[in-house]
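I have placed the structure first, in the form of structure tokens, so that the comments after it can refer back to it.
Counting from 1, the numbers follow the sequence of the chain as shown. All of these numbers come straight from a predicted model, not from anything done at the bench.
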Amino acid sequence: MNVIEQIYIGLGIVWWSYYVSRLLGHGRDPQFLRFPWLMLWLSAYLTGFGYLFNSYYVLQRLDTIVLPQWNVPFAMIARTSLYFFVAALYTISLKKLLHVTLVRITFVSLLLAEALNLSLMIILQNTPYSTIYWCSHLIIFFGNIPAFVVLGTAGGNTQMMSDIALAHHFWQSLLQFFLFACVIFNVLAAIYGLSLQASNVYSIWQILAYGCSSISILCLAIVTAPDTWLYKTLYPVHVIRYRKLHHLCLLIARELEIVEPNFTTKEGDIHVRIHAAVIYVLDNLPFLNNESLLKKQITSKMQGHEDLQQIIVNLSKSKATRWFDNIK
């Protein structure tokens, strides 16, 4: 086992330690057993489980050491079947958001790909194990093409998301991106290996696939983390919002010719500063001239919104903050 496999398997062990603690936590959460959360969590955890099945070393040892009496590559069959099962679970969890025809096409393609998987693995049982490994890459890719379409059509509207939903969307998008990149690099590794009949599976494409797979497992750990942890990953977003709101406060102070506010002396928490800036804007808004372009911009951003979080987001996107950037 080379250093690439050692790092890859080591990260898998870390994932499993995290997996057990999170699963025990979900055991006390009644929402875990409700649809669609159960399907989403299962698909997430099975994806983490499948992480180890991406390892050529693990697959080879399972088939040659754990199951020496069988000539059929059961580990490889299980690996490919697992990815099809995860795609099916994810499609079921999102079926209310998808057209019924797309759901049916996805399931038919997964069933056909699984039939091809079973047939091809049995036919190739006497070929070099690296050839079986590369063929499984191709089966996973072509069998999951409709599932990739499902992932692309199930995206939400990020404009009106809460911060927690936005964090979930961001890390879920990264997870899907690196999973897709991993599949693409696996396909390139398979084409390279099959065309050259190379005896070494660790081509540059396979190493890149391992790298994308490792990043995806880190994204998956963040996506399945408690919301209090997930919320902290948005700290850069909150800093940018605060800077925008602070700029807006400075514009108001200049127009009213009053002392410019300084929120840095307040408690260091960025959320306290954001709320202090919003309060400053709301307190001084009535004193701005009704013909003021600044007042019109602020008022337009607040109209029709009673939710404080949405007001904060809208004010931080005000054109007035960009004016300040230009004249600063």
| Given the rule in the side-chain contact (heavy atoms from CB on, under 4.5 Å) test, do Asn186 and Leu138 qualify, once you have shown the distances and angles that lead to the verdict? | CA-CA 8 Å; Asn186 276 333; Leu138 298 177; over 6 Å; no
Tell me, yes or no, whether the heavy-atom count around Tyr18 atom OH, taken from other residues, nucleotides or ligands under 6.0 Å, exceeds 12. yes
Is there a path of hydrophobic side-chain contacts, each under 4.5 Å between heavy atoms of I, L, V, M, F, W or Y residues, that connects Val201 with Val187? yes
Please check if the number of heavy atoms outside Lys232 that lie under 6.0 Å from its NZ is greater than 12. no
query: Would Ile140 and Ile191 show up in the same hydrophobic cluster when neighbours are defined by side-chain heavy atoms closer than 4.5 Å?
result: no
Interatomic distance, CG@Asn284 vs CG@Leu256, rounded to 0.5 Å, equals 6.0 Å
Would you say Tyr129 has more than 12 foreign heavy atoms packed within less than 6.0 Å of its OH? yes
Item checked: Main-chain N/O of Phe74 paired with Asp63 side-chain donor or acceptor, under 3.5 Å -> yes
Problem - Side chain Ser216, main chain Ser213, donor-acceptor under 3.5 Å - result: yes
Here the pair of heavy atoms bringing Leu120 nearest to Cys135 is CD2-CB, 4.2 Å
For Ser136 and Met121, the nearest pair of non-hydrogen atoms, with its separation, is N-CE, 4.3 Å
Arg104, CZ: over 12 other non-hydrogen atoms inside 6.0 angstrom: no
*asked:* Students often mix this up, so state it plainly: with edges at 30° and 60°, are the rings of His271 and His238 parallel, tilted or perpendicular?
replied: perpendicular
Here the gap from Ile252 atom CD1 to His247 atom NE2, rounded to the nearest 0.5 Å, amounts to 13.5 Å
Exercise for review: Determine the interplanar angle of the Tyr8 and Tyr210 rings, folded into 0 to 90°, and report it as parallel if under 30°, tilted if 30 to 60°, perpendicular if over 60°.
Suggested key: parallel
### Message
Any non-hydrogen side-chain atom of Tyr51 less than 4.5 Å from a side-chain atom of Leu11?
### Response
yes
Between Leu175 and Trp171, does the side-chain contact (heavy atoms from CB on, under 4.5 Å) criterion hold? Intermediate values first, please.
CA-CA 6 Å; Leu175 167 64; Trp171 289 107; over 6 Å; no
Are the side chains of Leu208 and Leu188 in touch, meaning some heavy atoms are under 4.5 Å apart?
no
dist Ile222:CD1 -> Ile217:CD1 (nearest 0.5 Å) comes out at 11.5 Å
Go through the steps for Thr80 and Leu118 under the test side-chain contact (heavy atoms from CB on, under 4.5 Å), then give the verdict. CA-CA 9 Å; Thr80 311; Leu118 293 173; over 6 Å; no
Distance col, row Leu174:CG vs Leu220:CG, nearest 0.5 angstrom, shows 12.0 Å
Counting C-beta onward and ignoring hydrogens, is there a side-chain heavy-atom pair between Asn117 and Glu114 closer than 4.5 Å? yes
*Are any side-chain N or O atoms of Gln125 and backbone N or O atoms of Ile122, one a donor and one an acceptor, separated by less than 3.5 Å?*
yes
Of all heavy-atom pairs linking Pro261 and His246, the shortest is O-NE2, 3.5 Å
Self-check item: Thr299 side chain to Lys296 backbone, donor-acceptor under 3.5 Å
Solution: no
Practice prompt. Answer yes or no: is there a donor N or O on one side and an acceptor on the other, between the side chain of Ser109 and the main chain of Thr106, under 3.5 Å?
Written response: yes
Under a 3.5 Å cutoff, is there a donor and acceptor pairing between the side chains of Lys295 and Asn289?
no
Original post:
Linking I/L/V/M/F/W/Y whenever their side-chain heavy atoms sit closer than 4.5 Å, directly or via other members, would Trp229 and Val237 fall into one cluster?
Top reply: no
Distance col, row Leu315:CG vs Arg241:CZ, nearest 0.5 angstrom, shows 11.0 Å
Let me see the working for Leu179 and Thr47 under side-chain contact (heavy atoms from CB on, under 4.5 Å), right down to the final yes or no.
CA-CA 10 Å; Leu179 279 177; Thr47 300; 4.2 Å; yes
Closest non-hydrogen atoms of Phe107 and Ala88, given as atom of the first, atom of the second and distance, are CE2-CB, 3.7 Å
request  = Please check if Val72 and Ile139 belong to a single hydrophobic cluster, counting links between Ile, Leu, Val, Met, Phe, Trp and Tyr side chain heavy atoms closer than 4.5 Å.
outcome  = yes
query: Do Val281 and Ile311 share a hydrophobic cluster, counting only Ile, Leu, Val, Met, Phe, Trp and Tyr and linking them when any side-chain heavy atoms are less than 4.5 Å apart?
result: yes
Shortest non-hydrogen pair, Phe178 vs Cys219, comes out as CD1-SG, 4.4 Å
ask   = Should we count CH2 of Trp205 as having more than 12 external heavy atoms under 6.0 Å?
value = no
Looking only at heavy atoms, the pair that brings Glu5 and Tyr57 closest together is OE2-N, 3.3 Å
One should read off an interatomic distance between Arg79 CZ and Leu82 CG, to the nearest 0.5 angstrom, of 9.5 Å
Just wondering, more than 12 heavy atoms not from Phe287 lying within 6.0 Å of its CZ? no
Verify, without hydrogens or angle tests, whether Tyr83 (side chain) and Gly50 (backbone) share a donor-acceptor contact under 3.5 angstrom. yes
### Query
Is the closest side-chain donor-acceptor distance between Gln60 and Tyr133 under 3.5 Å?
no
